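Remember, it's a predicted structure, so these values are computed and weren't measured experimentally. Within every chain, numbering begins at 1; the chains are lettered A, B, ... in the order of the sequence lines, protein sequences first and strands thereafter.
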Protein chains: 2
Amino acid sequence: MADEIEWNVLMRTCPSRTSLAEIANKWTAMIVVVLGAGPLRFTQVRTRVDGISAKVLAETLRRLERDGIVTRRSYDEMPPRVEYELTTLGHSLAEPLEALRRWAEGNIVQVLEAREAYDLRPTSGGGRDLA
Amino acid sequence: MADEIEWNVLMRTCPSRTSLAEIANKWTAMIVVVLGAGPLRFTQVRTRVDGISAKVLAETLRRLERDGIVTRRSYDEMPPRVEYELTTLGHSLAEPLEALRRWAEGNIVQVLEAREAYDLRPTSGGGRDLA
DNA sequence: CAGAATCCGTGTAGATACTG
DNA sequence: CAGTATCTACACGGATTCTG
């Protein structure tokens, strides 16, 4: 994290930026993290990623399938059963995302404290720049 | 990535989840990554995170400041100069985010290929479940 | 169970104009 | 330069209903 990098311009035309923007999504990140532990059925994912609607889950899973992150395996049974599993590519993505989740878990207290401190600052309620 | 984890349920009540959702944001991730190389002025950030509007950049920086991720240093000069810099906490966040950016950069081709293949599949155009 | 379809509210982002 | 203010809009997510 010490090297000065000239490439550090995230051009809007760069396709990897679009990709990053998609990954860096609330639900996407959570779903991949959850699937990192192994294949799950639709409802299982939904239970673990608590709060997501069926619609959004289906949409996101579809997109992840399209991007080669997860595979969708549908068993022709009754009642229907569909399993989602990370691909190799998906697992490679799960690693950095898992690191991110760990960061969130490990630093939430600091964030909360910083937030509280910020909100208590006189500048945050009234006048802006303290100059 | 092999341990079966029962905690792997991202409860909606868990504050770290909210935190993750905020981090896993298009602009947030890019800004932190860009600031990872060192302090930058407002316009410099804006240039590097190409495409972001001044409004959204200001809002996001404010939120990051509130969360203790960046510091805002305003020099009383004319013309005005404001520098944003990652805090220690911010740098600790930049690492996993940088890893994520690297992933996006390194795997964009595979994603693009997978996407193309998916779109060419007969099922993606017409009838759904191939059963 | 695993979705698809529909409707709808709103948050978040974008463009534009203005200011210290 | 570094923002703020205002307005707009559309994509995103949520709730509900229906189906194979």
Side-chain angles (χ1 to χ4, degrees), chain A residues 10 12 17-18 21-31 35 39-66 70-85 123-131, chain B residues 10 12 17-18 20-31 34-35 39-66 70-85 123-131:
Chain A
L10 304 170
R12 109 181 58 187
R17 212 194 79 156
T18 310
E22 270 181 38
I23 296 160
N25 166 308
K26 191 179 165 184
W27 299 125
T28 304
M30 292 190 199
I31 292 172
L35 281 175
L40 291 174
R41 300 177 58 169
F42 188 85
T43 304
Q44 291 180 318
V45 177
R46 219 194 145 183
T47 305
R48 281 163 179 75
V49 181
D50 184 65
I52 193 172
S53 69
K55 178 197 164 197
V56 173
L57 178 56
E59 286 170 353
T60 311
L61 283 172
R62 192 71 67 69
R63 209 178 44 225
L64 287 172
E65 189 195 357
R66 189 169 102 102
V70 310
T71 55
R72 182 193 127 110
R73 177 159 313 208
S74 157
Y75 300 86
D76 201 354
E77 301 174 0
M78 199 50 186
R81 180 161 65 105
V82 178
E83 280 193 349
Y84 293 91
E85 184 173 11
T123 47
S124 58
R128 180 107 273 95
D129 68 318
L130 53 167
Chain B
L10 304 170
R12 107 180 62 185
R17 212 194 80 157
T18 311
L20 178 60
E22 270 182 37
I23 295 160
N25 165 308
K26 188 180 167 185
W27 298 124
T28 304
M30 292 190 198
I31 292 172
V34 152
L35 281 175
L40 291 173
R41 301 175 59 168
F42 187 85
T43 304
Q44 291 179 317
V45 177
R46 221 195 144 184
T47 305
R48 281 162 179 75
V49 181
D50 184 66
I52 193 172
S53 70
K55 180 196 161 198
V56 174
L57 178 56
E59 286 170 353
T60 310
L61 282 172
R62 192 73 70 62
R63 208 175 47 224
L64 287 172
E65 190 195 356
R66 190 168 102 102
V70 310
T71 56
R72 182 194 126 109
R73 177 159 312 205
S74 156
Y75 300 86
D76 200 357
E77 301 174 1
M78 197 51 186
R81 181 160 64 105
V82 178
E83 280 193 349
Y84 293 91
E85 185 173 11
T123 46
S124 57
R128 182 105 280 100
D129 68 318
L130 53 168

Undergrad: For A:P79 and for A:A58, locate the closest nucleotide of DNA chain C by heavy-atom distance; then report the residue assigned to the nucleotide nearer the 5' terminus.
TA: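 Closer to the 5' end of DNA chain C: A:P79.
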Undergrad: Name all residues meeting the side chain to side chain contact (heavy atoms under 4.5 Å, CB included) criterion together with B:P39; count only those two or more places apart in sequence or in a different chain, and write none if there are none.
TA: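 Result, side chain to side chain contact (heavy atoms under 4.5 Å, CB included) vs B:P39: B:E83, B:E85.
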Undergrad: Considering residues at least two apart in sequence or located in another chain, which fulfil the side chain to side chain contact (heavy atoms under 4.5 Å, CB included) criterion with A:A21?
TA: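 Partners of A:A21 under the side chain to side chain contact (heavy atoms under 4.5 Å, CB included) test: B:K26, B:M30.
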Undergrad: Let's see if you can work this out: which of C:dC1, D:dT4, D:dG3 has an atom nearest to the side-chain heavy atoms of B:V82?
TA: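 That would be D:dG3.
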Undergrad: Listing time: all N or O pairs from protein to nucleotides 11-13 of chain D that are below 3.5 Å?
TA:
{"residue": "D:dG13", "atom": "N7", "partner": "A:K55", "partner atom": "NZ", "Å": "3.1"}
{"residue": "D:dG13", "atom": "O6", "partner": "A:K55", "partner atom": "NZ", "Å": "3.2"}

Undergrad: Any side-chain to backbone donor/acceptor pair from B:R46 onto B:I52? Under 3.5 Å, distance only.
TA: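 Side chain of B:R46 to backbone of B:I52, a donor-acceptor pair under 3.5 Å: yes, one is there.
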Undergrad: Answer yes or no: does a side-chain N or O of A:Y84 lie under 4.0 Å from OP1 or OP2 of C:dG3?
TA: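 True: A:Y84 side-chain N/O within range (under 4.0 Å) of C:dG3 OP1/OP2.
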Undergrad: What distance separates A:L57 CG from A:E59 CD, expressed to the nearest 0.5 Å?
TA: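 Those atoms lie 9.5 Å apart.
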Undergrad: Can you check whether B:R41 has a side-chain N or O nearer than 4.0 Å to OP1 or OP2 of D:dA2?
TA: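 Result: yes.
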Undergrad: Angle, rounded to 10°, between the helical axes spanning five pairs at each terminus of the helix from C:dC1-D:dG20 to C:dG20-D:dC1?
TA: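 Between the axes fitted at each end of the helix from C:dC1-D:dG20 to C:dG20-D:dC1 lies an angle of 50°.
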Undergrad: From CD1 of B:I31 over to C1' of C:dT12, roughly how many Å is that when rounded to an integer?
TA: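 Interatomic distance, CD1 of B:I31 to C1' of C:dT12: 14 Å.
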Undergrad: Please identify each residue that fulfils side chain to side chain contact (heavy atoms under 4.5 Å, CB included) with B:A24, with sequence neighbours left out.
TA: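 Side chain to side chain contact (heavy atoms under 4.5 Å, CB included) list for B:A24, sorted by chain: A:A29.
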Undergrad: For A:P80 and for B:A54, find the nucleotide of DNA chain D with the closest heavy atom, then tell me which residue's nucleotide is more 5'.
TA: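 This one resolves to B:A54.
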Undergrad: Partners of A:T43 by side chain to side chain contact (heavy atoms under 4.5 Å, CB included), sequence neighbours excluded?
TA: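 A:T43: side chain to side chain contact (heavy atoms under 4.5 Å, CB included) contacts with A:T47.
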